[in-house]
J.: 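Questions regarding the structure given below will be posed in turn.
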Amino acid sequence: MNKFKFNILTLGVVGALSMTSCSESFLDVSSKTESNTENFYKTEGDAWRALLGCYDGWRQISSAPGIGFYVASTVMGDECYGATGKGDGFGYQAIDAFDPMKSPSDMQLYGQDWKVYYAGVYRCNELMAHEEQINWESESNHGLYMGECRAIRALLYFDMVRLWGNIPLFLEPVNENREQADPAEVYAAIFEDLKFAIANIPADANLTEKEAGRITKYAAEAMLARAYLFYSGYYGKDPGFTNAEGETTGVVTKADALAAVEDVIGSGNYGLVDDFKNLWPAASLVPIPGNVGWNTDASTYAGDFNKEVILAQKFTPTQDYNGNNDSNRWLVMMGMRSLNHTPYGKGWGACTVVPQFLEKFPDGDTRRAASAIDLVGEGIAQGNDFNSSFADWREYTGYSVKKYSPLVYGNGLPGTNADGTAGFQECNANQWILMRYADVLLMAAELGSGNAANYMHQVRARAGLDDIAVNQQNIMEERARELAFEGIRYWDLLRQGVDVAADAIAASAGEVFNGGVKGTVTYDKSKIIATKGLSQIPENQITLSNGVLKQNPGWGK
């Protein structure tokens with residue numbers, strides 16, 4: 001029997017296939033039988049269970065302990081400060097300023113994230129390695145399952161290569177201390193996986209509410225365009241990698257990326273929700289005073305399964321402290337510091353909103369109120385509860401993220417399950433929307449669609465704004481407002497150049513309150529530029545590799 005033990009990566013076959021059950025989700029799995037390479041990967045049912053393991057591995061990037069890609073992406077840009085509590089460590093400040101000296105004792109900021117990402121990749125590689133020994137009953141399911149598997153691997157690698165830049169590339173389930181690959185090689189693998197998914201996931205697959213959270217052909221197309229825009233912007237060329245045999249692989253052109261998003265638009269499966277705020281629970285749910293649940297007559301939430309969501313990461317409110325990770329762990333970080341104000345639930349106060357960023361929203365733009373909590377304007381910044389929170393909140397600005405705020409019922413219980421009995425920390429189940437139709441429209445406009453003016457019109461009209469000229473600057477500014485606090489802004493800045501990102505981040509410096517005392521947040525542009533916008537590789541992984549892994553510039557001890 002094969003057994004798998006990693007130093008840099010840690011995952012066994014049993015861990016990949018025996019998962020926590022999730023209610024009302026395609027991730028439900030009734031069988032808890034432990035499996036290994038001697039008795040598994042034989043039937044199509046085995047392939048389905050293995051695919052569930054891949055999805056669960058992908059979900060762990062947001063459910064397992066760690067910084068969380070979404071939180072890091074929001075902290076690194078010009079939208080938010082790191083914040084958290086005045087007595088907490090300064091890891092978020094190190095991430096925010098691209099400066100390890102903000103927290104010199106913490107040299108593995110992403111230690112857990114690194115392991116979880118590679119564990120998810122390993123699950124996908126296991127299924128792919130055993131594809132040919134499976135007795136496929138249906139060629140349609142064969143293509144569908146493997147397309148989803150490869151798309152998941154692409155999503156994992158796309159996060160990692162953006163975050164760390166220089167990473168080992170594993171396309172097979174091996175135990176090996178491997179050097180970091182050329183980023184072009186990683187992107188070649190990402191594009192090949194996405195192209196495979198587009199070609200093999202049927203156009204009508206995974207489009208029902210029961211299948212929400214599974215990857216569709218259209219999700220793969222949209223992610224291909226996002227990856228193309230980032231690669232071509234950050235590296236200044238079209239993606240492509242020449243291997244040792246002189247073969248060029250992973251080639252994707254601007255025309256390919258445009259065709260992909262135009263196909264999403266032309267499919268007719270998606271559209272804009274009429275009112276922007278209805279995309280976000282905290283902006284559209286109305287609590288029942290003194291009770292659990294929401295006022296169904298007054299609430300306007302469009303629901304998790306709505307026409308604008310192209311791909312979302314799904315969670316369930318059943319997490320615990322015994323290793324069962326299936327809820328949205330990063331969401332509690334976004335909540336107002338230990339402060340409930342229905343419908344906004346308490347959390348640990350990360351990602352306080354930069355006031356200057358909100359100035360990007362013109363008068364009449366309905367997205368501002370739907371995106372950020374104004375603690376003063378909404379009457380929250382008063383009373384003993386606020387005073388206690390204010391005294392414990394680092395880098396308080398008066399604004400917090402609304403799009404991804406935890407929820408609390410009218411009686412003060414956490415809105416994590418139907419009766420408010422689940423923990424407010426570990427049982428948040430709000431989905432993370434990775435791709436919205438509005439993003440696809442703006443990408444198509446940026447890629448040069450002949451319908452660019454109409455696409456921009458649709459996005460701005462919903463926000464209550466008039467048409468403007470369609471050019472690169474206006475498109476990027478529109479993306480900043482439309483996609484604020486969704487983990488996209490930083491990567492939009494970085495793909496315009498490290499200098500552009502550094503300038504924007506430096507301009508977000510400003511006054512804050514640290515535990516009720518006035519302070520300032522400042523940035524050193526040279527430190528951001530020195531890192532090339534990349535993040536710290538955990539030092540413990542470099543140690544485990546016996547120095548085979550090399551730290552990114554600007555993050556050394």
Side-chain angles (χ1 to χ4, degrees), residues 203 206-209 212-213 215-226 229 257-285 299-314 360-372 401-404 430-470 474-489 492:
N206 299 342
L207 295 175
T208 68
E209 184 169 7
I215 296 168
T216 63
K217 169 189 175 182
Y218 306 107
E221 287 180 320
M223 294 306 299
L224 183 141
R226 180 179 289 175
L229 284 168
L258 176 58
V261 284
E262 292 282 30
D263 191 56
V264 177
I265 296 167
S267 73
N269 292 312
Y270 306 100
L272 297 178
V273 168
D274 293 339
D275 190 338
F276 182 82
K277 73 177 177 61
N278 295 341
L279 285 163
W280 316 107
S284 57
L285 288 174
S299 297
T300 57
Y301 180 45
D304 288 358
F305 184 74
N306 65 69
K307 63 183 179 179
E308 189 157 346
V309 176
I310 295 173
L311 180 62
Q313 197 170 51
K314 311 296 286 186
K360 296 180 182 295
F361 293 81
D363 291 344
D365 192 330
T366 60
R367 295 171 296 193
R368 173 175 168 154
S371 300
V401 173
K402 184 180 293 188
K403 283 183 177 179
Y404 285 112
N430 295 31
Q431 67 180 5
W432 172 12
I433 303 175
L434 279 85
M435 184 64 68
R436 289 196 286 117
Y437 185 68
D439 193 353
V440 168
L441 291 175
L442 293 174
M443 286 194 291
E446 184 178 354
L447 288 163
S449 170
N451 295 313
N454 177 45
Y455 296 159
M456 280 279 281
H457 166 78
Q458 291 182 50
V459 173
R460 288 180 59 83
R462 178 175 65 173
L465 303 176
D466 295 332
D467 291 344
I468 56 174
V470 179
N474 284 344
I475 291 170
M476 298 310 293
E477 291 178 355
E478 202 61 47
R479 289 181 63 82
R481 293 182 287 265
E482 177 70 26
L483 305 170
F485 319 123
E486 296 180 43
I488 295 171
R489 168 66 173 171
D492 275 355

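In this text the structure is predicted, and so the values were computed from the model without any measurement.
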J.: I'd like to check Gln313 versus Ile433 (side-chain heavy atoms, cut-off strictly below 4.5 Å). Are they in contact?
T.: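 Contact flag for Gln313/Ile433 side chains = no.
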J.: Can you pull out every salt bridge (Lys or Arg N to Asp or Glu O under 4.0 Å) where at least one residue sits in residues 437-457? Sequence neighbours excluded, please.
T.: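 Listed by first then second residue: Arg226-Asp439, Asp439-Arg479, Glu446-Arg495.
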J.: For Arg460, is there an ion pair with Glu478 - N to carboxylate O distance below 4.0 angstrom?
T.: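 Salt bridge present between Glu478 and Arg460.
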J.: Would you indicate whether the side-chain heavy atoms of Met435 and Met443 approach each other to under 4.5 Å?
T.: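 A side-chain contact exists here, since the closest heavy-atom pair is under 4.5 Å.
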J.: List the residues meeting ring pair (Phe, Tyr, Trp, His ring centres under 6.0 Å) with Tyr437, not counting sequence neighbours, and say none if there are none.
T.: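 Ring pair (Phe, Tyr, Trp, His ring centres under 6.0 Å) list for Tyr437, sorted by chain: empty.
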J.: How would you list, by chain and number, every residue that makes a side chain to side chain donor-acceptor pair (under 3.5 Å) with Ser267, sequence neighbours excluded?
T.: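 Partners of Ser267 under the side chain to side chain donor-acceptor pair (under 3.5 Å) test: Asn269.
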J.: Looking at residues at least two apart in the chain, or sitting in another chain, which of them share a side chain to side chain donor-acceptor pair (under 3.5 Å) with Asn454?
T.: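 Asn454: no side chain to side chain donor-acceptor pair (under 3.5 Å) contacts found.
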J.: Is the side chain of Asn206 donor-acceptor paired with the backbone N or O of Thr216 at a distance under 3.5 Å, no angle test?
T.: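 Not a single qualifying donor-acceptor pair exists.
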J.: Would you check if Met456 and Asn451 make a side-chain contact, meaning some heavy-atom pair closer than 4.5 Å?
T.: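 Counting from C-beta outward, Met456 and Asn451 never come under 4.5 Å.
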J.: Is the shortest heavy-atom distance from the side chain of Val440 to the side chain of Tyr270 under 4.5 Å?
T.: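 A side-chain contact is absent here, since even the closest heavy-atom pair is not under 4.5 Å.
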J.: Between Arg367 and Glu482, does the salt bridge (Lys or Arg N to Asp or Glu O under 4.0 Å) criterion hold? Intermediate values first, please.
T.: CA-CA 7 Å; Arg367 295 171 296 193; Glu482 177 70 26; 2.9 Å; yes
J.: So, are Arg462 and Asp275 salt-bridged, with charged N and O less than 4.0 Å apart?
T.: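 No salt bridge links Arg462 with Asp275.
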J.: List the residues meeting side chain to side chain donor-acceptor pair (under 3.5 Å) with Thr208, not counting sequence neighbours, and say none if there are none.
T.: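 Expected list: Glu211.
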J.: List in chain and number order the residues that pass side chain to side chain donor-acceptor pair (under 3.5 Å) with Glu486, two or more places apart in sequence or in another chain; answer none if no residue qualifies.
T.: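 With neighbours one apart ignored, the set is Lys403, Arg436.
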J.: Closest approach of Gly213 and Lys314, non-hydrogen atoms and distance?
T.: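 For Gly213 versus Lys314, the nearest heavy atoms are CA-CG, 3.5 Å.
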J.: Distance only, no hydrogens: is a donor on one side chain within 3.5 Å (strictly under) of an acceptor on the other, for Ser284 and Asn278?
T.: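 No, Asn278 and Ser284 have no side-chain donor paired with an acceptor closer than 3.5 Å.
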J.: Please report the C-alpha distance between Trp280 and Tyr404 in whole Å, then the side-chain angles of each, then the deciding distance to 0.1 Å, and finally whether the ring-ring contact (aromatic ring centres under 6.0 Å, His included) criterion is met.
T.: CA-CA 7 Å; Trp280 316 107; Tyr404 285 112; 5.6 Å; yes
J.: Regarding Thr366 and Lys277, do their side chains bring together a donor and an acceptor under 3.5 Å, going by distance alone?
T.: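 No donor-acceptor contact under 3.5 Å links the two side chains.
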J.: Which atom pair, heavy atoms only, marks the closest approach of Ala438 to Val459?
T.: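 Heavy atoms of Ala438 and Val459 come nearest at O-CG2, 4.2 Å.
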J.: Heavy-atom distance under 4.5 Å between the side chains of Ile265 and Tyr455, does that happen here?
T.: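 They are in contact (side-chain heavy atoms under 4.5 Å apart), so the answer is yes.
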J.: How many angstroms lie between atom CD1 of Ile215 and atom CD1 of Ile310, to the nearest 0.5 angstrom?
T.: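 Going from the CD1 atom of Ile215 to the CD1 atom of Ile310 covers 13.0 Å.
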